[in-house]
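Below is one structure, written out as structure tokens; comments come after it.
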Amino acid sequence: METRAQTHQTGGRDRAIVERNRTGEDEFRIDIERIRFSPYFSRLSSVTQVIPQAGSGTLVHNRLTHSLKVSAVARSIAISLRRSDEPTRRLISDLGGCDPVVVQAAAAAHDLGHPPFGHLGEQELDRVARDTLGLPDGFEGNAQTFRILTALDSCDATPRGMNLTRAVRAAVLKYPWTRNEWRSQGPVAPELLPRGVGANPAAGAMKYSAYDIEAEEMNDVLSVFPGIGKYQQTLESSVMDIADDIAYAVHDLDDFYRAGILQYTSVSAELRAWLDSSVRFQALKAPELDQRQPGHALEITWRHVLAKDPWIANPEAFRASVQRVGHDLVDGLLAVPYDGGLQADRAVTAFTRRWIDRLQESITVERTPNVRSGHIRLSDEAWHDVVVLKFVHARFVLDRSDLAVYQRGQTRIIRSLAEGFNTWLNDPEDAGRAPRRLLDSVEATTEEYRQLRESTPELFSQSGPHEIQRLGQARAIVDYIASFTDAQAVSLNSLLTGTSDNLWEAGRGL
């Protein structure tokens with residue numbers, strides 16, 4: 001019988017189309033270079049991470065710099081696992097292995113599918129995909145990433161997909177299921193569902209890593225890892241996911257401190273109020289909690305965490321994390337406003353390095369993880385630290401009304417683009433003049449749906465050729481919009497709505 005380690009060393013390096021390795025490079029190294037040279041990867045330099053460069057007043061992370069840092073953190077974690085004790089190394093081998101180059105490749109690729117305008121753009125494109133375009137599985141950034149790797153990008157071996165190894169394709173599957181496979185599930189308590197499914201699986205999973213047309217390929221790459229249970233990430237995917245959390249929780253705070261968004265007074269008031277009055281807050285009923293009052297928002301976060309993750313949420317550990325973040329972030333970093341000087345730069349760099357090192361060294365490997373966790377996860381203490389750091393991020397940046405106003409305007413662009421291209425492609429007199437890339441995509445995607453109907457007819461009860469064409473067109477529109485940078489989305493929308501005077505420049509690259 002083939003061992004787990006042997007399975008990873010052979011099947012994990014398999015490609016859907018056999019290629020001759022002329023360079024002698026390791027197969028996983030070839031994969032990471034294909035991802036880094038992809039136009040989808042280059043595009044990330046002009047896609048918003050949290051706040052746009054133009055409105056920040058200083059340099060901030062975009063999707064590309066974020067991906068590079070996630071890749072670095074993921075590699076460090078994977079290398080540290082190689083230095084684990086013998087029982088841990090044996091467990092890692094039994095579960096399929098954890099190659100540092102695979103986790104680097106997955107980290108580099110993990111945000112390829114993000115559309116323009118950050119997470120709010122992702123949410124709006126999903127709404128438009130389902131409500132306006134009629135796609136049952138809508139849009140999801142993680143599923144779009146898998147689609148880019150397996151269908152939309154290309155390489156010498158095939159015009160459809162990058163023909164990556166199975167291990168790398170499996171490593172990007174943070175949520176290894178489709179949206180629609182959950183619709184038949186009955187009511188299930190949120191704490192019993194995998195992280196990302198959401199509270200109402202009957203409505204479909206909130207987070208998922210493959211559309212219906214890529215479901216077969218997702219199942220194929222996961223078959224290389226029979227030791228990994230259903231709905232569980234591979235070890236390399238878990239490392240990538242943890243690295244993403246660490247980079248998001250720490251590096252984004254770096255941005256907001258430099259931009260002057262994180263202020264000592266407001267953050268300190270929130271954390272200190274909760275620490276001083278947590279016993280009193282516990283006695284309050286949910287309607288009595290008012291986020292405008294210091295400490296209340298953190299209490300709401302704690303209750304939410306306790307309800308969803310009782311397997312790990314611990315009141316003493318949470319309180320210790322609040323104290324730790326308060327001491328190092330608030331009383332340490334934020335106590336001195338950022339002035340652009342060398343001392344301020346050293347302070348923020350030291351803070352970032354200290355927390356990155358602390359978190360990436362706090363890793364646990366488990367043979368039988370909780371359904372809401374993974375085989376590789378953060379230690380209990382570090383897990384609570386990330387919750388508190390993310391709270392600071394969400395409460396004092398994402399919840400700001402000035403950012404919300406800006407983002408609301410951006411979502412209108414996403415909807416306008418979808419409606420505009422949909423109307424154009426359904427115009428019998430003018431559809432042929434639509435952008436060539438979009439027309440080619442409609443043809444290719446329609447063929448994908450035809451093949452899916454042949455292999456999985458139960459997904460298409462009583463659907464004829466017209467329905468297959470409609471689905472192919474809708475998915476192609478979503479693919480097209482998701483491939484834009486922020487600036488391209490703005491320019492193309494101005495063309496579609498007739499508000500641009502810059503015809504040739506704004507329309508270049510359609």
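The model shown is predicted, which means the values in this text are computed figures rather than measured ones.
At distances below 3.5 Å, at least one donor-acceptor pair connects side-chain atoms of Trp177 with backbone N or O atoms of Lys207. Side chain of Thr165 to backbone of Phe28: no donor-acceptor contact under 3.5 angstrom is found. Asp111 places no side-chain N or O within 3.5 Å of a backbone atom of His114 that could act as its donor or acceptor partner. Not one N or O on the side chain of Tyr208 forms a donor-acceptor pair closer than 3.5 Å with the backbone of Glu181. Looking only at distances, a side-chain donor or acceptor of Thr158 sits under 3.5 Å from a matching main-chain atom of Arg160. For Arg372 (side chain) and Leu193 (main-chain N/O), a donor-acceptor pair under 3.5 Å exists by modelled atom type. No donor-acceptor pair under 3.5 Å is formed between the side chain of Gln185 and the backbone N or O of Pro201. Judged by distance alone, the side chain of Asp486 and the main-chain N or O of Phe117 form a donor-acceptor pair under 3.5 Å. A donor-acceptor contact shorter than 3.5 Å is absent between the side chain of Asp357 and the backbone of Glu361. Although no hydrogens or angles enter the test, the distance criterion places no donor-acceptor pair under 3.5 Å between the side chain of Ser441 and the main chain of Arg437.
Interatomic distance, Met162 CE to Cys155 SG, rounded to the nearest 0.5 Å: 7.5 Å.
A donor-acceptor contact closer than 3.5 angstrom is absent between the side chains of Asp380 and Asn314. Using modelled atom types and a 3.5 Å distance limit, the side chains of Glu191 and Trp311 yield no donor-acceptor pair. Between the side chains of Arg127 and Thr411, no donor-acceptor pair of N or O atoms lies under 3.5 Å. Between the side chains of Gln104 and Asp99, not a single donor N or O lies within less than 3.5 Å of an accepting N or O. Inspection of the His66 and Asp244 side chains reveals an N or O donor paired with an N or O acceptor under 3.5 Å. Asp309 and Trp383 share no donor-acceptor pair across their side chains, judged by distance under 3.5 Å alone.
Between Arg358 and Asp328 there is no salt bridge, since no side-chain N of the basic residue sits under 4.0 Å from a carboxylate O of the acidic one. A salt bridge is absent between Asp94 and Arg90: the closest approach of a Lys/Arg side-chain nitrogen to an acidic carboxylate oxygen does not fall below 4.0 angstrom.
Ring planes of Trp355 and Phe351: tilted class, angle from 30 to 60°. Aromatic ring orientation, Phe256 versus His393: tilted (interplanar angle from 30° to 60°). By the 30° and 60° cut-offs, the orientation of the rings of Trp302 relative to His384 is tilted.
Screening Arg166, Arg15, Arg169 for a salt bridge (charged side-chain N to carboxylate O under 4.0 Å, His left out) involving Asp31 leaves a single residue, Arg15.
Across every non-hydrogen atom of Asp385 and Ser321, the tightest pair is OD1-OG, 2.6 Å.
A cation-pi contact, defined as under 6.0 Å to the ring centre and within 45° of the axis, links Arg475 to Tyr211.
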